[in-house]
Amino acid sequence: MATTNSKTLGRTRRHRRVRKKVIGTAERPRLAVFRSNRHIYAQVIDDVAGRTLASASTLQEGIDGAPKDKAKAVGAALASKAKGAGVTKVAFDRGGFMYHGRVASLAEGAREGGLEF
């Protein structure tokens, strides 16, 4: 389990609860999001095979701007990489974070990039 910080503990509990239902398959992999204070990371994961098919984060070159703009750019970059790997439909896993702010911007960017969820 995570640290004893109640905010982190609550997010971990929510994430475990969501992961009981959201499973990535080869036909519909899981788009997993992790948000730190400084960066946002996203991966398209096939849980059955245990493989990451595509990934993107704010650590990549050329992603600049305000935090929400960066998140949207990460979503668009992830969508283009996922399409290159032959993925068009995903199951969205918000990682226990609220669907708000940067997480919602990332999802919006991925949708605009062509991913369906």
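In this chain, residues are counted from 1 in sequence order.
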Problem - Straight-line distance of K70 NZ to I63 CD1, nearest 0.5 Å - result: 9.0 Å
Exercise for the section: Report the distance from atom CD1 of I45 to atom OG of S55, rounding to the nearest 0.5 Å. Expected result: 9.5 Å
Handout entry: Among L59, T58, V74, the one residue meeting side chain to side chain contact (heavy atoms under 4.5 Å, CB included) with Y41
Key = L59
Handout entry: Note, D46 side chain near V87 side chain (heavy atom, < 4.5 Å)
Key = no
Exercise for the section: Find out whether R19 and D47 are in side-chain contact, i.e. whether some heavy atom of one side chain is under 4.5 Å from a heavy atom of the other. Expected result: yes
Handout entry: V18 reachable from L31 in the ILVMFWY side-chain graph, under 4.5 Å edges
Key = no
Problem - Name of the residue among R17, R14, R30, K21 meeting salt bridge (Lys or Arg N to Asp or Glu O under 4.0 Å) with D93 - result: R30
Exercise for the section: Side-chain contact test, heavy atoms from C-beta onward, threshold under 4.5 Å: evaluate it for V33 versus F92 and give yes or no. Expected result: yes
Practice task
Can you see which heavy atom on A107 is nearest to which on F117, and at what distance?
Solution key: O-CZ, 3.5 Å
Problem - Residues E27, K89: salt bridge by 4.0 Å N-O rule - result: no
Practice task
Please round to the nearest 0.5 Å and tell me the distance separating atom CZ of R11 and atom CZ of R35.
Solution key: 8.5 Å
Handout entry: Closest non-hydrogen atom pair, R28 against E116
Key = NH2-O, 4.2 Å
Practice task
Flag the pair S57 / H39 as yes when at least one side-chain heavy-atom distance between them is below 4.5 Å, and no otherwise.
Solution key: no
